[in-house]
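Beneath this line is the structure, given in structure tokens, with notes to follow.
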There are 4 protein chains.
Amino acid sequence: MATTTAPGTASRQNADAEARNAREDVRTRQLLDAAARLMQQTGSHQVSMKAIADEAGVSVGLIYRYYDSKEALVRAVIIGVLDEMAYNIPRAIEPVEDPVRKVAAAFTAYAEVIRDNRRATLLTYRETASLDRESQDLIKNLEMQTGQPMLQATQGAIEAGLFRRMNARVFSYDLLLIAHSWALKFWYFSERMSFEDFVSTQLSIALYGALLPEYHDTYADLLAGPQPPADKQ
Amino acid sequence: MATTTAPGTASRQNADAEARNAREDVRTRQLLDAAARLMQQTGSHQVSMKAIADEAGVSVGLIYRYYDSKEALVRAVIIGVLDEMAYNIPRAIEPVEDPVRKVAAAFTAYAEVIRDNRRATLLTYRETASLDRESQDLIKNLEMQTGQPMLQATQGAIEAGLFRRMNARVFSYDLLLIAHSWALKFWYFSERMSFEDFVSTQLSIALYGALLPEYHDTYADLLAGPQPPADKQ
Amino acid sequence: MATTTAPGTASRQNADAEARNAREDVRTRQLLDAAARLMQQTGSHQVSMKAIADEAGVSVGLIYRYYDSKEALVRAVIIGVLDEMAYNIPRAIEPVEDPVRKVAAAFTAYAEVIRDNRRATLLTYRETASLDRESQDLIKNLEMQTGQPMLQATQGAIEAGLFRRMNARVFSYDLLLIAHSWALKFWYFSERMSFEDFVSTQLSIALYGALLPEYHDTYADLLAGPQPPADKQ
Amino acid sequence: MATTTAPGTASRQNADAEARNAREDVRTRQLLDAAARLMQQTGSHQVSMKAIADEAGVSVGLIYRYYDSKEALVRAVIIGVLDEMAYNIPRAIEPVEDPVRKVAAAFTAYAEVIRDNRRATLLTYRETASLDRESQDLIKNLEMQTGQPMLQATQGAIEAGLFRRMNARVFSYDLLLIAHSWALKFWYFSERMSFEDFVSTQLSIALYGALLPEYHDTYADLLAGPQPPADKQ
DNA sequence: AATGAATGAGTGTTCATTCAT
DNA sequence: TATGAATGAACACTCATTCAT
């Protein structure tokens with residue numbers, strides 16, 4: 001982001017500005033992390049600004065230098081969580097070529113991010129409703145953006161004639177939701193299967209719903225679902 | 001429940017007790033409705049006991065005659081919502097015989113209840129986390145109970161040799177979740193399709209994945225998804 | 001209290017009135033007892049009208065038929081306690097003839113009533129201040145009245161030439177106060193001596209100061225204070 | 001406490017900490033005074049936190065920065081009162097040598113402190129019961145500590161062969177209680193005698209109860225009780 | 001930039017009192 | 001006479017927000 005600057009007086013100001021920006025970034029991160037950590041446990045309403053300040057090791061007053069209000073901070077926390085997801089998911093997909101395996105990779109990547117941010121995911125479900133319209137719209141956009149890779153992979157598989165013609169938007173949205181369900185219904189799934197089994201079970205179900213029967217053999221490994229542990233002989 | 005009683009003191013007491021119970025039920029309903037109405041808009045934390053009292057047309061004090069605390073009221077609201085769902089869904093399914101159409105009927109019934117209680121559904125997602133362990137367990141039980149008809153329908157279709165052998169629990173859980181998505185992602189779906197199209201699209205995807213290919217023709221109507229409006233001629 | 005009434009129609013009304021009075025007396029007693037029982041444990045402010053009603057086995061509304069307000073009830077409780085003391089103490093003194101032993105008997109009687117109404121005694125100390133002027137004056141009168149027998153006994157001993165000429169009012173007041181101290185400082189005395197030793201110790205000190213030295217021998221038993229248990233040999 | 005510090009950051013922190021402590025002490029005093037002032041009139045239950053805040057000229061919230069709860073504040077008020085007494089009484093006694101006059105000086109000092117804190121004294125009687133066990137124990141300790149000088153003076157007089165052998169604990173406790181009676185029965189005594197007469201009357205009575213007759217002459221001035229005003233001629 | 005003392009509106013909750021039955 | 005549902009003012013306490021330092 002920061003461009004290279006020529007040395008001299010002008011750069012002096014630049015350097016200062018950069019230093020300030022850097023410090024502000026650190027502060028911002030520090031505050032968001034502290035807030036997220038606390039809110040994930042009990043929701044934003046149970047967490048006071050004082051508690052966040054303490055957790056971040058700063059004073060209450062300082063928070064207001066970076067965020068106008070508690071709501072602004074809550075918004076930033078949620079958007080931060082979604083942002084990170086929107087950033088991490090595409091990174092996890094790219095290398096795969098085969099359209100169907102691309103869908104599978106996207107789902108796996110998405111699910112893993114959810115797994116790693118389980119409580120943060122729940123936070124977005126719980127807290128979004130208490131934000132103002134504008135923030136909610138922003139969040140919806142982020143969510144759609146996050147779902148973009150999955151949608152493109154699905155459309156790719158359809159165009160490649162591997163998936164049947166169907167509503168790609170709905171199908172990919174379902175996949176995202178099902179990935180979320182690891183967080184939403186963690187109490188249910190985590191007692192019944194490992195995360196890996198969850199992913200392969202869900203993938204199997206979903207791909208059966210999309211793959212044309214003539215390709216069932218080609219992707220038999222994905223359709224098979226969780227396998228018993230390999231023979232240890 | 002009340003047995004026929006000879007006239008006199010005994011029946012007198014019965015009548016009194018019944019009258020009291022009736023009055024209490026009315027109050028309870030009145031309070032739950034008012035609370036649900038307000039909480040659906042913004043979540044329980046933004047709603048004060050005074051506001052609920054006003055909405056219900058009673059005094060604050062009276063609420064505490066029926067609920068020990070705000071948390072108890074919130075819990076009752078949520079459980080009330082889930083209870084109603086648990087009651088309505090089985091009612092909407094029964095008549096169907098064909099196992100596959102039974103699954104379809106269950107999904108449709110479930111989705112319709114969600115549609116009719118959209119905000120209440122969101123409420124359960126938002127508020128459950130702030131209740132105590134015990135209430136959460138109660139809610140989980142209710143949820144699993146609500147899902148029972150769907151699970152049985154799925155298992156029926158598998159045993160009838162119509163559905164692939166697969167993890168029936170996960171499949172039926174996914175169906176419930178997808179029905180929920182009409183509430184969770186209303187902003188997304190409602191702008192893109194009607195509720196009926198949502199249902200038939202989702203059913204088409206799910207059943208395509210579950211039905212053995214040899215039965216695709218038999219249930220072609222379900223797999224087809226939403227159809228263009230019939231010729232208006 | 002109730003006078004005999006001639007038979008006839010007039011007496012009918014009388015009978016009714018008497019019955020009513022009797023019932024009211026029972027109620028009054030029932031309520032005062034319940035209230036006193038609860039208030040002695042924690043003070044009037046911690047006790048709600050509902051709690052008193054429950055303890056008395058009646059409804060809240062009924063209390064208001066007999067007492068205009070909570071304050072009126074508190075007042076009645078305190079006055080009831082003092083009344084009972086004012087009634088019991090003179091009864092316990094009468095038989096004694098010797099002026100000095102009369103003082104001793106009065107003190108003992110007073111102390112025993114205090115011992116038997118320890119918590120009620122504390123109640124009067126705690127609650128009197130929160131009553132209105134009028135009630136406080138009434139209570140002061142009662143207290144002075146209760147102290148009358150002690151004052152008379154003291155004056156008798158002085159006039160009989162057994163006690164020094166001194167301020168009889170102050171002396172007898174001190175005796176009352178010292179009897180109270182069994183309640184006021186129960187935590188102190190009860191750990192250090194029996195009630196009987198408390199009484200004889202206090203008597204010994206007080207009488208030693210009041211008796212003219214030439215009578216010390218005559219009342220040596222009272223001046224001796226608590227004695228070791230009689231030789232069991 | 002503060003050691004001399006070289007100038008620089010360390011002393012800076014010290015100065016800050018000291019300034020803060022000083023400010024906190026001022027606040028504490030301000031709050032305790034306001035609370036005591038109000039509570040002495042009607043007891044802690046009739047005084048709201050808002051009223052205390054107003055009386056102290058601060059906001060309600062600020063009180064909670066210094067005291068965790070209303071009970072904590074009440075406790076602090078009572079303990080503050082007792083503390084001050086425990087501090088003042090020994091100071092008023094020291095100089096006297098003669099054992100009997102030492103007892104007299106102790107009583108006078110104690111009574112004067114009571115006189116100067118009459119309402120506060122009543123407060124301790126009224127409010128102690130509503131505190132928790134721990135606070136009550138603390139208060140009992142304070143009270144016993146406050147009584148220590150009187151006990152020692154009494155024991156001194158006994159050992160010097162001036163007082164008769166008796167229970168010194170009980171005797172000195174009686175003296176304290178009798179000093180309290182200026183507060184407890186102010187309405188009685190204040191109408192009948194001046195504070196000075198109260199003290200000398202009580203001293204006279206008490207010393208008669210303790211002094212061996214052979215020393216009556218030596219302390220005739222103390223035993224005489226209140227004297228008519230000196231000839232104004 | 002950073003602190004944290006101070007504010008005061010707002011909350012959940014209690015409870016004396018009333019009154020229709 | 002007796003009930004207890006209903007009221008609503010009052011309370012202790014919290015916490016987002018401000019601002020002097």
Side-chain angles (χ1 to χ4, degrees), chain A residues 19-20 23-24 27 44-54 57-74, chain B residues 16 19-20 23-24 26-27 44-54 56-74, chain C residues 19-20 23-24 27 44-54 57-74, chain D residues 16 19-20 23-24 26-27 45-54 57-74:
Chain A
R20 181 159 53 246
R23 200 165 351 114
E24 288 190 357
R27 283 285 187 223
S44 70
H45 293 285
Q46 336 281 356
V47 177
S48 70
M49 295 297 266
K50 177 72 168 57
I52 295 169
D54 288 350
V58 301
S59 68
V60 236
L62 193 63
I63 301 182
Y64 283 87
R65 194 157 272 286
Y66 294 94
Y67 298 98
D68 282 349
S69 64
K70 190 181 181 184
E71 185 179 349
L73 178 56
V74 172
Chain B
D16 280 4
R20 181 161 51 249
R23 206 169 344 116
E24 288 189 357
V26 169
R27 283 287 186 222
S44 69
H45 293 287
Q46 338 277 356
V47 177
S48 71
M49 293 300 265
K50 177 72 169 59
I52 295 170
D54 288 350
V58 301
S59 66
V60 230
L62 192 64
I63 301 181
Y64 285 87
R65 185 164 275 282
Y66 295 93
Y67 297 98
D68 280 350
S69 63
K70 189 180 183 184
E71 183 177 352
L73 178 56
V74 172
Chain C
R20 180 159 55 247
R23 197 161 359 108
E24 288 189 358
R27 284 284 188 225
S44 70
H45 293 286
Q46 337 280 354
V47 177
S48 70
M49 294 298 266
K50 178 73 168 56
I52 295 169
D54 288 351
V58 300
S59 67
V60 236
L62 193 63
I63 300 182
Y64 283 86
R65 195 157 269 286
Y66 294 93
Y67 298 98
D68 281 350
S69 65
K70 190 181 181 184
E71 186 181 348
L73 177 56
V74 172
Chain D
D16 280 5
R20 180 160 54 249
R23 208 173 337 120
E24 288 189 358
V26 169
R27 282 288 188 222
H45 293 287
Q46 335 279 356
V47 178
S48 71
M49 293 300 265
K50 177 72 169 59
I52 295 170
D54 288 351
V58 302
S59 67
V60 226
L62 191 65
I63 300 181
Y64 286 88
R65 186 163 275 281
Y66 294 93
Y67 298 97
D68 280 349
S69 63
K70 189 181 181 183
E71 184 177 353
L73 177 56
V74 172

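Naming: A, B, ... by sequence-line order, numbering from 1 per chain.
A residue-by-residue look at D:Tyr64 and A:Tyr64 shows that D:Tyr64 has its nearest nucleotide of DNA chain F further toward the 5' end. Heavy-atom distances to DNA chain E give each of B:Glu71 and C:Asp68 a nearest nucleotide, and the one nearer the 5′ end belongs to B:Glu71.
We find that CE of A:Met49 is positioned 7 Å from C1' of F:dA16, with the value rounded to whole Å. With rounding to whole Å, B:Gln46 atom CD is found 16 Å from E:dG12 atom C1'. F:dA10 atom C1' lies 14 Å from atom NZ of C:Lys70, rounded to whole Å. When the P atom of F:dC11 is taken as reference, atom CG of D:Leu73 falls 15 Å away, rounded to whole Å. Residue C:His45 contributes atom NE2, which lies 13 Å from atom P of F:dC11 at whole-angstrom precision.
By the side chain to side chain donor-acceptor pair (under 3.5 Å) test, B:Glu71 is found to be paired with no residue, residues two or more places apart in sequence or in another chain being considered. In this view, A:Gln46 and B:His45 satisfy the side chain to side chain donor-acceptor pair (under 3.5 Å) rule, not counting sequence neighbours. Here A:Arg27 pairs with A:Gln30, A:Val58, A:Leu62, A:Tyr66 under the side-chain contact (heavy atoms from CB on, under 4.5 Å) rule; sequence neighbours left out.
Contact detail for D:Lys50 and D:Val60: the closest heavy-atom pair is N-CG1, 4.1 Å. Taking every heavy atom of both residues into account, B:Ala72 and B:Asp68 meet most closely at CB-N, 4.1 Å. Heavy-atom minimum distance, D:Ser59 versus D:Ala53: C-CB, 3.7 Å.
Distance check: A:Leu73 CG to A:Ile63 CD1 gives 6.5 Å after rounding to the nearest 0.5 Å. In this structure, A:Ser44 OG and A:Ile52 CD1 are separated by 8.5 Å, a value rounded to the nearest 0.5 Å.
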Polar atom pairs between nucleotides 5-7 of chain E and protein, under 3.5 Å, N or O only, would you list them?
from, atom 1, to, atom 2, distance (Å)
E:dA5, OP2, D:Arg65, NH1, 2.2
E:dA6, OP1, D:Arg27, NE, 3.0
E:dA6, OP1, D:Arg27, NH2, 2.7
E:dA6, OP2, D:Arg27, NE, 3.3
E:dA6, OP2, D:Tyr66, OH, 2.9
E:dT7, OP2, D:Ser59, N, 3.0
E:dT7, OP2, D:Ser59, OG, 3.1

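OP1 or OP2 of E:dC15 has not a single side-chain nitrogen or oxygen of C:Lys50 nearer than 4.0 Å.
For DNA chain E, runs of at least 3 consecutive pairs of the Watson-Crick or G-U wobble type, with both hydrogen-bonding distances under 3.5 angstrom, map to E:2-21 with F:2-21.
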